[in-house]
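Letters A, B, ... mirror the listed sequences (proteins, then strands); counts begin at 1. Worth knowing before you read on, the calculation uses all heavy atoms, side chains too, and leaves out hydrogens, waters and symmetry mates.
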Amino acid sequence: MNLAALEKLDRRWLFLIVGLLVLGPLLRPLGLPLGSSKPVKMFHDAVAGIPDGAIVLMSCDYDPGAKPEVVPMTRTAFRQLMEKRCRVVITCLWPGGPSLVDQTIESVANEMRAQGHDLVYGRDYVDLGYKAGYEAVMVLMGKGIANAFPQDQRGNSTASLPLMRNVRDYSSFAMLVNISSGYPGTKEWVQQVNSRFHLPMVSGCTAVSAPEYYPYLQSGQLKGLLGGMAGAAEYEKLRGEKGAATKGMDAQSLAHAFIALCIIAGNIVQWQKRGARS
Amino acid sequence: MKRELPLLMTAVIGLFMILSFFVPHHLVGVPADFLQQCAVIVVAFGYVLGGANALRVNLEGIARRQPDWPYKLVLVISLVVTVVIGMLDGRRWQEPGTASMFLYNQMYSPMQGTMFSLLAFFIASAAFRAFRIRTVEAGLLAAAALIVMLGRVPVGDALTSWLPESIRMSAFQEWIMNVPQNAAKRAILMGAAMGVMATGLRVILGIERSYLGGGD
Amino acid sequence: MTIHRRLLRAPCALLLCAALSCGGGAVSAQPGESAPPAPAPPSGLVYADVPNDAGNAVALSWRKSPDDSLGLGRVTGYVLERGSSPVGPWETVDSLAAATTEFVDQGVDRNTPYFYRVAAYGPGGLTLALANAGPAIGRESWFNSTRASVLTFVVVFFLLVLYFMSLAQTGRKPFMRRLAGIDAIEEAIGRATEMGRPVLYVPGIQDIDEMQTVAALVILESVARLTAKYETPIRVPVAYPIPFTIAQEMVKSGYLNAGRPEAYDPDSVSFVSPEQFAYVAKLSGIMLRDRPAAHIFMGSFFAESLLLAETGYSTGAIQVAGTANVHQLPFFVVACDYTLIGEELYAASAYLSGEPRLVSGLKAADMLKVLLILLILTGCVLETMGITGLTQWMETQ
């Protein structure tokens with residue numbers, strides 16, 4: 001079969017095929033089995049190892065662009081923490097993110113209330129919202145969380161919230177759960193907080209950023225790592241949930257398989273051209 | 001003094017901030033904290049400066065009927081409407097049902113997701129065009145790409161389910177991520193860190209001064 | 001010991017209330033049940049100044065209550081209190097879980113004496129330790145000794161820079177290998193000149209606090225000099241306001257240094273948006289409508305790198321990219337004609353200018369790299385032999 005004509009293939013055909021391969025499984029799931037990789041197990045076990053009732057810092061540093069990858073992680077991690085009766089302080093260092101983060105957290109809280117959990121904002125979880133300044137905010141939080149965030153996302157005075165009366169600085173937290181999709185994100189938290197204040201840390205990030213954080217995982221600076229939607233889906237599986245990430249994995253699987261085919265087809269085209277020339 | 005004063009300020013503040021990394025004493029730490037808070041404020045004020053410039057440039061483009069002036073008009077209208085809505089909603093802007101949240105949920109969020117999702121299409125066209133095996137290195141690159149891509153999703157293990165778990169696609173993918181990829185990343189990170197140090201030192205010591213403008 | 005007991009008994013009732021209000025969990029016995037005994041007290045409270053800090057921390061440790069054993073349930077936790085004198089008044093520092101034997105109090109004023117006491121509490125009540133400890137004084141340090149290794153590297157690098165600068169001043173120009181990506185910049189600008197189309201220069205999407213943006217803006221001056229020399233228009237869309245003003249100065253400086261100040265167009269540099277995908281949308285629009293013949297992407301990029309590179313490729317432009325964001329390098333490598341990897345971006349400005357003082361910085365970085373390689377190899381051998389001194393010296397706090 002002569003595939004040399006594919007050399008001139010309009011790339012919009014490729015776009016159409018990718019679109020159909022992604023849309024199809026979203027409408028009719030295939031149910032491909034999910035594994036669980038070691039970094040994801042480490043993340044799950046690290047969060048499970050937090051003492052029940054401890055206070056945890058959850059920094060959700062993303063905006064709607066990376067929603068399919070990071071929002072499922074946020075939901076699952078927050079639910080796991082709430083089920084352990086941990087008290088969670090949430091921050092966001094991306095200007096476009098605080099509303100999405102607040103909606104996500106509140107959505108999980110409402111679901112859990114409907115299941116009978118007694119969750120009260122201000123007592124069990126607090127969303128401190130966004131503050132400009134990137135790493136400077138991280139360092140400022142080390143001097144005092146309430147100093148860095150005098151008001152929370154909903155306009156309440158931070159000092160008036162019951163949970164915040166037990167929070168001084170990073171020493172008040174048992175762990176940092178960082179969900180991020182770029183800068184500022186995991187790398188900055190490792191550099192500014194984990195290395196300076198020795199706060200144990202786990203990270204969830206987009207798939208493209210995950211390779212950059214493997215050195216931190218190997219050195220023990222990160223106790224666990226979720227990479228992209230695949231990581232989020234594996235985490236959901238470990239938690240016995242079927243969230244948005246699990247539903248999206250079929251689509252991602254087919255897309256990856258198609259891209260692999262593109263690589264192979266591209267090389268076949270090249271070899272055939274070379275063969276024709278010689 | 002037009003060039004000397006900025007150079008002096010850069011040198012003094014730059015060296016002081018380097019010093020604050022090594023000296024925890026309050027005589028160094030307190031001014032360093034103050035400077036960092038100043039940086040936060042300057043960053044926030046920068047948005048005002050940028051917004052004003054965006055308005056000025058685009059209004060001039062509309063007035064002069066530059067070739068893409070309709071897009072500039074859409075930009076200016078969007079900018080003004082968003083600012084006005086934000087000011088009218090005030091502190092309540094994140095409450096459900098406000099116009100700000102409508103803009104955020106129905107426009108900003110879907111547009112961000114749309115742009116990000118273009119990557120999926122573009123990686124397909126890039127994969128078809130660029131992973132051509134012409135050299136040994138290109139072959140290794142293509143092979144690694146195939147293994148990691150398939151190993152990250154259930155399809156990879158489904159294709160190699162007949163093999164023992166330790167040599168399935170996901171196991172190879174983990175090895176590639178943990179060993180050669182990690183080694184290369186660390187090396188590049190270390191080199192880049194030294195590049196940062198070298199560039200920073202050049203700016204602080206005034207060796208690099210082209211940012212001051214006005215010729216060498 | 002007796003004196004301490006007398007002094008401690010009086011505020012005991014207050015302490016119990018304080019512990020209860022801390023949510024210590026002390027529960028009084030139900031009517032009809034005999035009350036469980038209060039736990040045995042913790043002992044051996046010792047304090048130490050936390051070194052290498054600003055004097056705001058004191059480290060405390062104690063031996064846990066003998067009743068604090070797994071499964072006994074007689075100790076729920078400990079209450080740590082702090083006072084300015086051995087007799088109080090006492091304020092609660094923290095309530096700690098059972099089995100805790102150490103704590104770092106990070107809320108002390110420097111050079112101020114404090115006294116501490118710790119109590120164990122459980123279902124049977126609260127029991128103070130037999131003695132308090134003090135005076136504990138948080139002393140500030142002039143030097144964080146855990147960062148000595150970093151200081152050593154900084155000093156070594158500084159000395160290397162000075163050494164190579166002095167060599168450069170004697171007229172000995174250091175050798176630099178060719179970097180294809182940097183040589184390609186002039187080729188790209190030449191091609192744009194032939195086609196009569198502009199050059200698009202993108203200095204990354206981060207603010208001025210990112211060193212890659214600084215490096216990109218420095219390279220911009222050299223690129224602007226070339227475009228001025230070849231009389232080729234340049235377009236520089238910038239994501240943040242502060243780099244925008246600096247980019248204007250760089251382009252103006254480039255035109256001035258090329259002897260063509262009258263050709264400088266202030267509108268060639270424009271502010272777009274700090275929003276990542278809004279910035280990408282604008283750049284894609286420029287590429288598809290204005291059709292620049294050369295795209296130069298230098299600086300910090302994230303997810304938009306492939307969007308830019310693929311869109312640029314579709315227009316047929318020659319593309320040169322450089323970034324130290326390793327997660328974006330693969331996208332630039334597959335979609336651009338030339339890519340500067342990692343520190344080559346930082347080297348580019350020195351390379352383009354050819355100025356000996358700038359090149360000496362490159363040589364110093366190279367020598368430091370050699371030292372680092374030797375250090376890594378030495379460290380690997382020492383760790384294999386079980387000698388951890390070097391690794392411990394390299395750990396920072």
Side-chain angles (χ1 to χ4, degrees), chain A residues 6 9 11 14-15 17-19 22 32-35 37-38 63-68 96 98-100 102-103 131-134 136-137 139-140 143 153-155 207-208 210-212 214-215 218 227-228 230 249-250 252-260 262-267 269-271, chain B residues 33 36-37 39-41 43-44 47 91-96 100-101 104-105 108-113 115-117 119-134 142 145-146 148-150 152-159 161 168 170 173-174 177-178 181-182 185-186 189:
Chain A
L6 285 178
L9 180 70
R11 61 191 195 139
L14 295 173
F15 297 165
I17 295 169
V18 169
V22 168
L32 289 169
L34 277 174
S37 54
K38 192 167 164 221
D63 63 12
K67 194 169 157 181
S99 295
L100 174 64
D102 201 52
Q103 283 172 7
K131 184 158 183 109
Y134 313 123
V137 177
V139 175
L140 204 58
K143 313 274 179 205
Q153 170 75 354
R154 301 175 191 194
V208 74
E212 194 180 355
Y214 269 80
Q218 277 198 349
M249 276 317 293
D250 288 342
Q252 186 168 338
S253 290
L254 290 188
H256 277 217
F258 177 68
I259 290 166
C262 286
I263 295 175
I264 296 167
N267 279 288
V269 165
Q270 180 189 245
W271 292 331
Chain B
D33 287 346
Q36 281 188 328
Q37 290 188 16
V40 172
I41 294 166
V43 164
Y47 285 102
R91 299 193 71 84
R92 303 180 311 109
W93 75 274
Q94 289 187 98
E95 286 173 21
S100 297
M101 285 314 293
Y104 185 87
N105 287 325
Y108 176 79
S109 195
M111 282 196 290
Q112 279 243 329
M115 291 295 293
F116 201 64
S117 66
L119 283 171
F121 301 101
F122 283 0
I123 194 68
S125 63
F128 181 73
R129 187 189 72 248
F131 285 94
R132 303 288 168 94
I133 302 172
R134 293 190 182 102
L146 280 169
V148 171
M149 261 198 305
L150 292 175
R152 283 300 290 153
V153 291
V155 157
D157 274 353
L159 287 172
S161 57
R168 283 184 196 160
S170 56
Q173 177 268 136
E174 281 264 352
M177 297 296 277
N178 280 326
Q181 184 273 143
N182 235 350
K185 277 258 161 64
R186 281 187 177 136
L189 277 173

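Proximity to chain A is absent for every atom of D157(B), based on heavy atoms less than 4.5 angstrom apart. Proximity to chain A is absent for every atom of A158(B), based on heavy atoms less than 4.5 angstrom apart. The contact between L140(A) and chain B is made entirely by side chain atoms (from C-beta outward), counting heavy-atom distances below 4.5 Å. Within the 4.5 angstrom heavy-atom criterion, no atom of A255(A) approaches chain B. Interface remark: S125(B) contributes backbone and side-chain atoms alike to the contact with chain A (heavy atom separation under 4.5 Å). For P98(A), the parts lying under 4.5 angstrom from a heavy atom of chain B are both the backbone and the side chain. Both the backbone and the side chain of L100(A) come within contact range of chain B, judged by heavy atoms closer than 4.5 Å. For V139(A), the part lying near chain B is the side chain, with the backbone staying farther off; criterion is any non-hydrogen pair under 4.5 Å.
Judged by distance alone, the side chain of Q252(A) and the main-chain N or O of V153(B) form no donor-acceptor pair under 3.5 Å. For the pair R152(B) (side chain) and S253(A) (backbone), a donor-acceptor distance under 3.5 Å is absent. Side-chain atoms of H256(A) come within 3.5 Å of backbone N or O of M149(B) as a donor-acceptor pair. Side chain of Q270(A) to backbone of I133(B): a donor-acceptor contact under 3.5 angstrom is found.
Among the candidates Q181(B), R132(B), R134(B), the residue making the largest number of heavy-atom pairs closer than 4.5 Å to chain A is R132(B). Chosen from F116(B), F131(B), Y104(B), W93(B), the residue pairing most often with chain A at heavy-atom distances under 4.5 Å is Y104(B). Considering only heavy-atom pairs separated by less than 4.5 Å from chain B, the leading option among K67(A), Q153(A), K131(A) is Q153(A). Chain A forms the most heavy-atom pairs under 4.5 Å with one residue out of M115(B), M111(B), E174(B), and that residue is E174(B). Top candidate by heavy-atom pairs under 4.5 Å with chain B, chosen from V18(A), I263(A), I264(A), is I263(A). Among the candidates L159(B), L150(B), L189(B), the residue making the largest number of heavy-atom pairs closer than 4.5 Å to chain A is L150(B).
Scanning all heavy atoms of the two residues, the minimum distance from P154(B) to L32(A) falls at CB-CB, 4.0 Å. Nearest heavy-atom pair across P211(A) and M177(B) is CG-CE, 3.5 Å.
Side-chain atoms of Y108(B) and D63(A), non-hydrogen and from C-beta on, do get closer than 4.5 Å to each other.
With values rounded to the nearest 0.5 angstrom, L14(A) atom CG is found 12.0 Å from F122(B) atom CZ. Here the CD1 atom belonging to I123(B) is positioned 10.0 Å from the SG atom belonging to C262(A), to the nearest 0.5 angstrom.
A cation-pi geometry, defined here as NZ or CZ lying under 6.0 Å from the six-membered ring centre and within 45° of its normal, does not hold between R11(A) and F121(B).
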